[in-house]
There are 2 protein chains.
Amino acid sequence: MSSNHTHNKKNQTLTKNQRIVLNLLQDSGEPLKAYFILDSLKKEGLNSPLQVYRALDKLVELGKIHKVESLNSFIICNNSNCASNTAFTICERCGKVKEIKNNNLTEGVNELVRENKLNITRYNLEFYVVCKSCKIN
Amino acid sequence: MSSNHTHNKKNQTLTKNQRIVLNLLQDSGEPLKAYFILDSLKKEGLNSPLQVYRALDKLVELGKIHKVESLNSFIICNNSNCASNTAFTICERCGKVKEIKNNNLTEGVNELVRENKLNITRYNLEFYVVCKSCKIN
DNA sequence: TTACGTATGTAATAGTATAACATTAGAGGT
DNA sequence: ACCTCTAATGTTATACTATTACATACGTAA
Ligand SMILES: [Zn+2]
Ligand SMILES: [Zn+2]
Ligand SMILES: [Zn+2]
Ligand SMILES: [Zn+2]
């Protein structure tokens, strides 16, 4: 079946489990919970939580997805250069999550870090908001 | 026993459960987990997780403690004016957590928020570091 | 007093994550 | 091709984190 030649090492190293979990997160675009992922992928052959968590761990490590800590959820990275740094807005009302892509923010954080002599290895920023559609209602 | 007159409303409103949980966190200074708190306070009369979680919820709401989301832990607020905004450094090696008190950081974040038009209600910032004692070793 | 909101106590259960161990698949060197 | 090493898998069990539900008590204010 799956012709897993060794081209394209960076992207094609993914195993079957990792790939189907990544695809689900990609298609969804929303933060998903591990057990929801498990339920969704039963038909693809995932049977146990551990299979999901192992795939998630690997994908986080590769920077392809992020964990939204305060939601116990995982979301596709749409930024492609986070290097395990994350910044999200989270709507307090509807739960919608957006990864912040703004370069000003990234630069601003870097500046903050320099100015405050924080010897950091990475960061995780969660900004709680009321999103546009929720503000209307 | 406990003469709970209604003086000093802001601070003395705490109930017995809330008070003993707060005291433990205060004495510890470290982030503690709910079930550790439960075990520690069995002798004080806490029997069930729910008693702990209810106290924790209230104390978070009052701004007296914070939840460290990525550790599933709770820590005393040593800042006194966070208004549910939090900023921590977390050592990746030893797990030591410090609340950032630096006013420059607070102001810097506010600036970031203004510049990026983030309509936020609160934020939670986690900076992963290697702390001094861990860097030596 | 009555009524209301908030806190309690207790039991059960839901939701999140990892440990342990045996097995398999792949990449790289010889 | 064969050996070897590492990483991933499959499976079961278990640990850890948090909430639901419901009955009861307490404090404040009308
Ligand atoms: Zn990202
Ligand atoms: Zn919303
Ligand atoms: Zn604080
Ligand atoms: Zn350390």
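The sequence lines fix the lettering, A, B, ..., with proteins before strands; numbering per chain opens at 1. Since this is a predicted model, take the numbers as computed values, not measurements.
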Linked hydrophobic residues, B:Val130 as query - side chain contacts closer than 4.5 Å: none
Residues clustering with A:Leu50 (ILVMFWY side chains joined when closer than 4.5 Å, directly or via others): none
Identify the pairs formed between an N or O of the protein and an N or O of nucleotides 15-19 of chain C at a distance under 3.5 Å, and give each distance.
residue	atom	partner	partner atom	Å
C:dT16	OP1	A:Lys33	NZ	2.7
C:dA17	OP1	A:Lys67	NZ	2.6
C:dA17	OP2	A:Tyr53	OH	3.0
C:dA17	N7	A:Tyr35	OH	3.0
C:dA17	N6	A:Tyr35	OH	3.2

Spacing of [X] atom [atom1] relative to [N] atom [atom2], expressed in whole Å:
| X | N | atom1 | atom2 | answer |
| --- | --- | --- | --- | --- |
| B:Leu38 | D:dT17 | CG | C1' | 12 Å |
| B:Leu32 | D:dT17 | CG | C1' | 15 Å |
| B:Leu59 | C:dT6 | CG | C1' | 15 Å |
| A:Arg19 | C:dA25 | CZ | P | 15 Å |
| B:Lys42 | C:dG9 | NZ | P | 14 Å |
| A:Glu44 | D:dT9 | CD | C1' | 17 Å |
| A:Gln18 | D:dA7 | CD | C1' | 9 Å |
| A:Lys16 | C:dT24 | NZ | C1' | 14 Å |

Angle between terminal axes - the helix from C:dT1-D:dA30 to C:dT30-D:dA1, 5 pairs each end, rounded to 10°: 30°
Would you list the pairs meeting salt bridge (Lys or Arg N to Asp or Glu O under 4.0 Å) in which at least one residue belongs to [range], sequence neighbours left out?
| range | value |
| --- | --- |
| residues 74-89 of chain A | none |
| residues 27-40 of chain B | B:Asp39-B:Lys42 |
| residues 99-111 of chain A | A:Glu107-A:Arg114 |

Test item: side-chain donor near acceptor, B:Tyr128 and A:Ser84, under 3.5 Å: no
Check: A:Asn104 main-chain N/O paired with A:Thr106 side-chain donor or acceptor under 3.5 Å: no
For B:Glu92, all residues meeting salt bridge (charged side-chain N to carboxylate O under 4.0 Å, His left out), sequence neighbours excluded: A:Arg122
At under 4.0 Å, does any side-chain N or O of [X] touch on OP1 or OP2 of [N]?
| X | N | answer |
| --- | --- | --- |
| B:Gln51 | C:dG9 | yes |
| B:Asn47 | C:dA11 | no |
| A:Thr15 | D:dA7 | no |

side-chain hydrogen bond (donor to acceptor under 3.5 Å, both in side chains) partners of A:Asn17, counting only residues at least two apart: none
